[in-house]
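I have placed the structure first, in the form of structure tokens, so that the comments after it can refer back to it.
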Amino acid sequence: MGAFQGNLTYKLFFVEGDLPDGWKDHYLTQINHLKFEPLTPDSDADESMGWVEIERPLKSDFMLSNVVYNDFINLGFRRDKYSIPSALLKAHLSEAFREYREQNQKERLTKFEKDDIKTLVQKRLREQSLPAMKVVDMSWEMSTGRVRFWSQSNSLCELFQEYWEDTFDLRLIPANPYIHGLQFNLGDVELERLATVEPSNFVEGRMAME
Amino acid sequence: MDLIDLINTRRFLGAEFLMWLWFRADCFDGIMEVDGHGSLEVIFDDALTLEAYLAETERNDFRGGAPAFSAEAKTALRHGKRSEKAKLRIIKDAREWVFTLKAESMDLSGMKIPAVLSKEDSEVFFERMYLLEEIEEIIENIYREFLGIRLSERWIDDYLPAMQKWIQSDDLAQPSDYPT
């Protein structure tokens, strides 16, 4: 959340590359292709991520009217994850192994048996729980090539960056002192210095690296 | 060096930018001319984090009051620490933005923007984006000015000595302390 309401904490990215011809229809197809698919207890994956409509995290019926807002492309990036507490999983596994050994009169279980039992136990526990949901807004300002992602979590920003690049087939570069400098159309001399300048020592008599 | 190396090795410029901004705000009571935006006020608010370069564990977090004017913050600077994060208040035409600027990434967080007047959802969105664009442009234009100085000979000749003197001084900074 964040684009329409709430906390204004975000990570700024710059878009590198040119929009393809017919980008609206092309991107709508791509967004639909990579839309969020809900997790089910039967699925092998522990997590799922994808695009949802902005402000409507349960919806992913994309049309130009709910994606393109004048100069902006607005989407929600949703990530669901089953997180069964490890102690609970361990306790249920231990009990399931014991029952299987007793029923089959075995002293030891093979790796395959253990894996099968673990899959069944995980499925049973998933059926009793709901995945944790995280939704973060994304606004891409087309004219300036800026993308704002309403989270500063490093892990989430990295996931988002990769997913965004897969969707739009452009490069996304996070803002930082160097990249901001490149936005200013610096001359050759300044660019060279930007790349080579060393940290200053603000305290005379002390080493800068101290 | 590839782009990732350049990004990682240039992160110190963010801290130096905040140091310069602090020095400049101190000299002129926060009043500054910003390209394209005229005269505005930049105030170091009630939160400031100072860290030793390349030693993040050596950190001072100042909360409450006006830490940028405190003797403790100056002492930390004299021990070689530099500003890594600061809560800033920028006032332009009686409109106020308050946010935290993280130096190494230039990330803005906890942003409070001037009151949004629109009622409709889509209008609220466009107004919020307009206000974000405005503050981003202000910060970037100030950063552009800093880079112009930082990448010139005048940084070593004039600005760095003036900032070193400011760090060692217990007196309030004056406009005449800022190199012209």
Side-chain angles (χ1 to χ4, degrees), chain A residues 2-12 16 54-55 69-72 74 137 139 141 143-144 146 148-152 154 157 171 173-187 189-210, chain B residues 1 3 6-17 19 52-55 77-82 99-100 102-113 121-122 124-126 128-129 131-133 136 139-140 143-144 147-148 150-152 155-156 159-161 163-168:
Chain A
F4 283 73
Q5 58 182 327
N7 191 13
L8 284 167
T9 292
Y10 62 98
K11 179 78 193 164
L12 180 67
E16 202 176 81
I54 199 157
E55 292 288 283
Y69 290 66
N70 292 354
D71 189 33
F72 292 84
N74 286 335
D137 289 350
S139 293
E141 190 176 3
S143 59
T144 59
R146 287 171 180 237
R148 297 179 183 90
F149 180 62
W150 266 264
S151 170
Q152 289 181 356
N154 284 336
C157 284
R171 196 170 179 203
I173 302 175
N176 56 67
Y178 180 71
I179 295 297
H180 267 298
L182 295 186
Q183 308 302 311
F184 299 140
N185 296 319
L186 301 176
V189 173
E190 280 187 312
L191 273 177
E192 173 67 20
R193 285 184 177 161
L194 180 65
T196 55
V197 70
E198 292 292 324
S200 301
N201 179 4
F202 289 99
V203 187
E204 282 179 300
R206 289 179 72 94
M207 296 296 289
M209 309 286 278
E210 203 173 357
Chain B
M1 263 197 284
L3 183 64
L6 284 166
I7 287 172
N8 287 330
T9 59
R10 311 290 90 193
R11 289 192 187 279
F12 71 87
L13 286 169
E16 294 194 1
F17 168 58
M19 294 281 284
Y53 182 58
L54 295 181
L77 291 181
R78 287 171 198 154
H79 283 90
K81 289 177 182 158
R82 47 186 73 197
F99 56 91
T100 297
K102 191 176 179 188
E104 67 161 20
S105 57
M106 305 284 279
D107 284 338
L108 307 177
S109 60
M111 171 82 71
K112 292 191 180 98
I113 54 179
D121 270 1
S122 60
V124 168
F125 166 75
F126 290 121
R128 279 161 72 90
M129 291 306 107
L131 290 166
L132 280 189
E133 285 165 33
E136 282 176 8
I139 295 162
E140 287 164 24
Y143 183 62
R144 176 69 186 94
L147 270 191
R150 181 63 181 85
L151 302 177
S152 74
W155 176 259
I156 296 293
Y159 285 86
L160 188 57
M163 290 175 70
Q164 289 169 334
K165 193 174 163 191
W166 165 70
I167 286 168
Q168 295 303 330

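Letters go in sequence order (proteins before strands), and every chain restarts at 1. Here the structure is a predicted model, which means the values were calculated and not measured.
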_side chain to side chain contact (heavy atoms under 4.5 Å, CB included), that's the test. Do A:Leu194 and B:Leu6 meet it? Break it down for me._
CA-CA 9 Å; A:Leu194 180 65; B:Leu6 284 166; over 6 Å; no

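A:Phe202 CZ to B:Met19 CE: the interatomic distance, rounded to the nearest 0.5 Å, is 4.5 Å.
Across all non-hydrogen atoms, the minimal contact from A:Pro177 to B:Gly14 is CG-N, 3.6 Å. Minimum heavy-atom separation, B:Arg10 to A:Tyr178: CG-CD1, 3.5 Å. Shown here for A:Ser200 and B:Trp155, the closest heavy-atom pair between the two residues is OG-NE1, 2.8 Å. The two atoms that bring B:Glu140 and A:Leu12 nearest to each other are OE2-CD2, 4.3 Å, heavy atoms only. Of all heavy-atom pairs between B:Leu160 and A:Asn201, the closest is CD1-O, 3.8 Å. For A:Thr9 against B:Gly110, the heavy-atom pair with the smallest separation is OG1-N, 2.7 Å.
Judged purely by atom type and a 3.5 angstrom limit, B:Arg128 uses its side chain to pair as donor or acceptor with the backbone of A:Ala3. Put simply, the side chain of B:Glu104 never gets that close to the backbone of A:Asn176: no donor and acceptor are under 3.5 Å apart. A donor-acceptor contact shorter than 3.5 Å is absent between the side chain of A:Gln152 and the backbone of B:Asp107.
Residue A:Ile179 touches chain B through its side chain alone, counting heavy-atom pairs closer than 4.5 Å. Proximity to chain A (any heavy atom under 4.5 Å) is restricted, for B:Ala103, to the backbone atoms N, CA, C and O. With a threshold of 4.5 angstrom between heavy atoms, B:Ile167 approaches chain A through side-chain atoms but not through N, CA, C or O. Residue contact with chain B, scored on non-hydrogen atoms closer than 4.5 Å, involves the side chain of A:Asn74 exclusively. In this structure, the portions of B:Glu133 lying under 4.5 Å from any heavy atom of chain A include both its backbone and its side chain. Residue contact with chain A, scored on non-hydrogen atoms closer than 4.5 Å, involves the side chain of B:Phe126 exclusively. For A:Thr196, the part lying near chain B is the backbone, with the side chain staying farther off; criterion is any non-hydrogen pair under 4.5 Å. Neither the backbone nor the side chain of A:Thr144 comes within less than 4.5 Å of any heavy atom in chain B. For A:Glu192, no part lies under 4.5 angstrom from a heavy atom of chain B.
Your options are B:Met163, B:Met129, B:Lys112, and the one with the most heavy-atom pairs under 4.5 Å with chain A is B:Met129. Contact count versus chain A (heavy atoms, under 4.5 Å) is highest, among B:Lys165, B:Lys102, B:Glu136, for B:Glu136. Per-residue heavy-atom pair counts under 4.5 Å with chain A were compared for B:Val124, B:Leu147, B:Leu132, B:Ile113, and the maximum is reached by B:Leu132. Chosen from B:Leu3, B:Thr9, B:Ile156, the residue pairing most often with chain A at heavy-atom distances under 4.5 Å is B:Leu3. Highest contact tally toward chain B, considering only A:Ala175, A:Ala195, A:Gly181, is held by A:Ala195 [criterion: heavy-atom pairs under 4.5 Å]. Between chain B and the options A:Arg193, A:Gln183, A:Glu141, heavy-atom pairs under 4.5 Å are most frequent for A:Arg193. Of the listed residues (B:Gln168, B:Arg144, B:Met106, B:Arg150), the one with the most heavy-atom contacts under 4.5 Å to chain A is B:Arg144. Most heavy-atom pairs under 4.5 Å with chain A: of the set B:Leu108, B:Thr100, B:Asn8, this distinction falls to B:Leu108.
Ring geometry for B:Phe125 against A:Phe4 counts as parallel: the plane angle stays under 30°, on a 0 to 90° scale with 60° as the upper cut.
Within the 4.5 Å cutoff, the side chain of A:Val203 has no heavy atoms near those of the B:Leu77 side chain.
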